[in-house]
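Inspection log for the structure reproduced underneath, given as structure tokens.
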Amino acid sequence: LKSILKNPHLLATKAYIGGQWVEGDNGTFAVTNPARGDVVAEVADVSRAQVAGAIAQAEAAQKEWAKLTGKERAAILRRWFDLMMENAEDLGKILTAEQGKPLAEAIGEIGYGASFIEFFGEEAKRVYGETIPGHQRDKRIMVLKQPIGVAASITPWNFPNAMITRKAGPALAAGCAFVARPAMETPLSALVLAVLAEQAGIPAGVFNVVPSSSASDVGKEFCENPGVRKLTFTGSTEVGRILLRQAADQVMKCSMELGGNAPFIVFDDADLDAAVEGAMLCKFRNNGQTCVCANRIYVQAGVYDEFAAKLKTAVEALKVGDGLSEGTTTGPLINDDAVAKVQEHIQDVTDKGGAILTGGLPHDLGGTFFQPTIVTDVTQDMLVAQDETFGPLAPLFKFEDEDDVIAMANDTIFGLASYFYAKDLSRVYKVAEALEYGIVGVNTGIISTELGPFGGVKQSGLGREGSHHGMEDYLEMKYICLSV
Ligand code: ADP
């Protein structure tokens with residue numbers, strides 16, 4: 001990997017704690033390239049005591065960091081953003097090598113991830129409080145917004161850069177210090193952020209990265225250590241529930257970006273070509289491994305066959321391969337479990353009467369490569385209707401009626417992203433209001449931007465990331481009642 005980087009020093013493998021690069025008390029763990037199966041790096045495996053040490057460093061550093069003006073923090077965050085953009089290609093290569101997504105997509109993620117540092121840096125200047133007319137003649141009511149303290153994050157492997165910057169951006173902008181535990185599959189993308197943080201002049205202890213092979217140990221330390229005042233997590237609903245339970249003992253503020261089960265509805269008045277394009281981006285980006293990927297594609301009966309045919313043409317044009325090879329549109333899946341889940345969902349569909357329109361099998365390339373797949377005649381009793389596939393499987397459900405499809409779309413414990421394609425204006429309003437989701441994409445398959453509030457309802461999570469609302473998750477409100 002080093003040999004293909006313009007700046008080989010970006011490949012850091014030690015933990016970054018209190019401004020120091022340190023070995024892990026538990027030795028190292030291996031990071032493998034999912035496209036080739038080879039070991040890319042051995043990364044420091046920190047102990048629970050080292051995580052506690054990082055929290056202590058963060059606590060001390062946070063007090064000074066919070067004293068800076070918003071404008072001073074903004075200038076430093078701007079440098080961090082600039083460094084990410086200047087090194088985007090190298091950061092992209094590191095990301096592809098450990099995660100598998102095509103290099104163009106990886107570089108796209110770096111731009112997306114960096115945008116949160118840029119945006120929230122700017123927002124650091126706009127942490128406005130409030131004055132409220134007093135309740136008595138001598139009373140003045142003021143509301144201050146103050147940083148919550150030390151924020152700790154646990155993040156997944158599917159967006160190894162952006163899932164961290166979405167949290168660290170608002171945290172640091174608000175005046176919090178940050179301790180990041182990256183996914184074991186993708187620590188290098190987190191560590192390179194620390195390399196650039198150091199270069200940007202982020203003070204020692206304000207941004208820490210603690211790679212560890214024991215997620216549950218780190219999770220417990222984050223929840224039990226009184227130095228942490230905020231837990232921010234992206235991952236499955238299952239683990240989110242565990243962390244919420246653990247965090248309850250300290251009554252810790254939590255942000256949770258959890259699982260989704262996104263419906264993607266194509267009505268008969270939709271622009272079908274646009275809907276196919278949206279579905280391709282929404283379903284097959286990152287090989288289907290995003291929490292906002294279309295998981296259930298509902299197509300109205302009158303356009304079902306035509307949509308299926310057009311989608312088939314588009315899917316068969318995808319090029320599966322190593323993310324670092326020219327022309328690859330679709331990389332490998334992250335691991336064998338991911339492949340097994342896709343196979344389980346396909347098997348369940350065919351067992352219950354559905355059909356495979358294209359794909360359906362592991363790819364000839366072997367490893368964790370899988371054929372982009374479409375299945376038809378999918379119904380609500382199948383596994384894929386309730387469970388997120390997190391892979392390259394597009395299941396097509398047929399529906400007749402608007403109210404029915406809304407009911408089916410909402411029939412899930414999840415409520416993160418949803419999408420639909422339609423032209424009729426009253427239908428657009430009605431359906432957008434009726435979908436029980438935190439995010440609704442109307443005539444678009446891509447909704448992620450630092451400018452919008454990303455987050456879910458129901459069991460998809462708590463809190464919002466992105467937009468000025470994203471800052472609130474890292475701020476406490478203080479009400480001052482002044483008698484004059
Ligand atoms: P994914 O399917 O995206 O890996 P998970 O929820 O399993 O979703 O994992 C998300 C992150 O949470 C990963 O970094 C993982 O290591 C971590 N994690 C898993 N179990 C726990 C736990 N019990 N406590 C804290 N973190 C955990």
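One is the number of the first residue; the rest follow in order along the sequence. One-based numbering, in listed order, for ligands and for the atoms of each. Please read all numbers here as calculations on a predicted model, not as lab measurements.
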salt_bridge(E221, R181) N-O dist < 4.0 Å: no
Backbone N or O of S214 within a donor-acceptor pair of the S216 side chain at under 3.5 Å? no
Checking N26 against Q50: is there a side-chain donor and acceptor pair closer than 3.5 Å? no
Decide yes or no for R229 and V150: does some side-chain heavy atom of the first lie under 4.5 Å from some side-chain heavy atom of the second? no
How would you list, by chain and number, the residues with a heavy atom under 4.0 angstrom from ligand 1? I154, T155, P156, W157, R181, A183, A215, S216, G219, F233, T234, G235, S236, V239, L243
Answer yes or no: does atom CD of Q20 have more than 12 heavy-atom neighbours from other residues, nucleotides or ligands under 6.0 Å? no
Does D387 come within less than 4.0 Å of K341, counting only side-chain N to carboxylate O? yes
